[in-house]
Number of protein chains: 2
Amino acid sequence: MKPDTAGEILDTMQELIQARGFNAISYQDIADRVGIRKASIHYHFPTKFALGAAVIGRYRARLLEALAAAEAGGSHRAVLAAYLEPFAAFVEGGDKVCLCGALAGEFAALPKPMQEQITQFFTEQQAWLEQLLERGRAAGELRFAGSPRSMARLCFSALQGALLVRRAQGDGQQIRDVIGTIRALLLG
Amino acid sequence: MKPDTAGEILDTMQELIQARGFNAISYQDIADRVGIRKASIHYHFPTKFALGAAVIGRYRARLLEALAAAEAGGSHRAVLAAYLEPFAAFVEGGDKVCLCGALAGEFAALPKPMQEQITQFFTEQQAWLEQLLERGRAAGELRFAGSPRSMARLCFSALQGALLVRRAQGDGQQIRDVIGTIRALLLG
DNA sequence: GTCTATAGGCAGATAGAC
DNA sequence: GTCTATCTGCCTATAGAC
């Protein structure tokens with residue numbers, strides 16, 4: 001019934017990072033939730049840092065897949081809507097933030113392999129959004145001032161920040177307002 | 001020459017939180033930098049959580065003062081410029097993020113007194129910005145679509161997010177782009 | 001106010017039985 | 001693959017001398 005202990009460990013670690021950050025998590029916390037002993041975790045992931053890097057790697061891959069799926073949506077406006085929709089889902093999904101948003105706050109306390117994965121995540125996410133904005137404007141579907149890069153940076157930063165602020169305030173309207181304003185900004 | 005050990009402890013703790021987050025810091029780290037023994041810290045702050053709460057309290061007070069000072073600037077456009085200017089200074093100031101931005105990533109791992117201070121910080125900062133936008137628009141100096149509240153949330157979230165993303169990317173252009181885009185957005 | 005010394009607990013990690 | 005047992009080290013915090 002649970003042949004995938006490694007997957008459960010990854011799931012648990014990811015949830016805990018998104019709630020508490022990396023450094024507040026112990027192997028004991030994970031073991032308790034998965035229902036194994038903490039020594040068993042080392043069989044699947046030799047160190048805590050290796051586990052952390054694995055979580056980020058899976059997160060990156062999943063979100064790149066999600067972007068690819070969104071691109072199949074059709075018009076650039078539809079792709080934008082598909083991109084923004086998951087952020088709205090955060091409103092109901094408890095008080096989590098983006099995995100890499102949480103880790104960026106602890107950046108200097110993380111080892112280089114984890115730092116590089118986080119950097120890569122931000123880079124590829126913003127590059128994708130920049131391309132969407134560029135093509136959407138060229139196609140006449142999106143309208144905004146300034147360069148696609150600057151606007152992508154604004155939108156991505158705002159979404160990341162909104163997740164953080166929302167959690168501290170417990171107010172889902174923060175995210176909804178930011179998404180709504182971004183939508184209005186780009187659809188002109 | 002250093003009559004204010006408590007102040008030095010607060011300074012050091014704040015710097016370390018902004019670099020690493022709260023949970024990656026030990027009393028040993030602080031003691032080494034201040035040049036005292038770690039037991040001495042307990043004389044000034046009984047627990048690590050009390051020290052954390054004190055740091056946030058001072059940060060809140062200082063930034064509220066900064067907002068008040070910015071308001072003396074004159075026109076609403078000048079006040080906006082004075083508000084945005086410190087964020088640009090982050091570009092040169094190493095790789096720090098907002099104190100509360102870092103702490104928000106660890107929110108669930110923090111005790112209630114610290115959580116409440118963080119919540120208050122975000123609330124008062126966004127309320128101030130909302131009022132500036134509202135008055136600036138009423139005075140005909142600022143132009144933007146949507147409600148002042150939604151736009152304040154967008155701008156504040158974007159600034160917080162930009163600090164996070166910038167650190168992970170080591171690219172100061174992230175902040176400059178976001179500030180520039182916000183300025184263009186509000187000065188219409 | 002700062003120190004030395006230490007308590008008491010938990011961290012991540014390893015060895016080896018099953 | 002998961003377990004028990006254990007290691008070593010660091011953590012926050014306290015007690016009491018100076």
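The basis for the numbers below is simple: all heavy atoms, side chains too, and nothing from hydrogens, waters or symmetry mates. Each chain gets a letter, A, B and so on, in the order its sequence line appears, and its residues count up from 1.
- Using a 30° and 60° split on the angle between ring planes, Tyr59(A) and Phe121(A) fall in the tilted class, from 30° to 60°.
- An OP1 or OP2 oxygen of dC3(D) is reached within less than 4.0 angstrom by a side-chain nitrogen or oxygen of Ser40(A).
- A salt bridge links Asp171(A) to Arg153(B): at least one charged side-chain nitrogen sits closer than 4.0 Å to a carboxylate oxygen.
- Set against dG1(C), dT4(D), dT4(C), the side chain of Arg37(A) has dT4(D) as its closest nucleotide.
- Going from atom NZ of Lys48(A) over to atom P of dA13(C) covers 9 Å, rounded to whole Å.
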Derivation and outcome, side-chain hydrogen bond (donor to acceptor under 3.5 Å, both in side chains), residues Arg149(A) and Gln126(A): CA-CA 8 Å; Arg149(A) 172 163 297 177; Gln126(A) 290 197 132; over 6 Å; no
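- Per the geometry, CD1 belonging to Ile36(A) stands 12 Å off P belonging to dG1(D), to the nearest Å.
- Within the 4.0 Å cut-off from OP1 or OP2 of dC11(D), not a single side-chain nitrogen or oxygen of Tyr27(B) is found.
- Using a cut-off of 4.0 Å between Lys/Arg side-chain N and Asp/Glu carboxylate O, Asp32(B) and Lys38(B) are scored as not salt-bridged.
- Residue-to-nucleotide proximity on DNA chain D shows that, of His44(A) and Lys38(A), the 5′-proximal contact is made by His44(A).
- For Ser26(B), counting side-chain heavy atoms from C-beta on, the closest listed nucleotide (dA13(C), dT2(D), dC11(D)) is dC11(D).
- Between Gln28(B) atom CD and dA13(D) atom P there is a gap of 14 Å when expressed in whole angstrom units.
- Nucleic acid contact for Ile30(B): none, since no nucleic acid atom lies under 4.0 Å from a heavy atom of the residue.
- Across all strands, Tyr43(B) comes closer than 4.0 Å to base atoms (heavy-atom distances).
- With sequence neighbours excluded, the residues satisfying ring-ring contact (aromatic ring centres under 6.0 Å, His included) with Tyr27(B) are His42(B).
- The side chain of Thr5(A) places an N or O atom within less than 4.0 Å of a non-bridging phosphate oxygen (OP1 or OP2) of dT2(D).
- Candidate nucleotides dC11(D), dT4(C), dT12(D) were compared by shortest atom distance to the side chain of Ala39(B), and dT4(C) ranks first.
- Between His42(B) and the phosphate of dG1(C), there is no side-chain N or O to OP1/OP2 separation shorter than 4.0 Å.
- Residue contacts for Ile25(B): at a heavy-atom cut-off of 4.0 Å it reaches the sugar-phosphate backbone alone, with no base atom in range.
- Going from atom CG of Asp4(A) over to atom P of dT2(D) covers 10 Å, rounded to whole Å.
- The distance between atom CZ of Phe45(B) and atom C1' of dT12(D), rounded to the nearest whole Å, is 16 Å.
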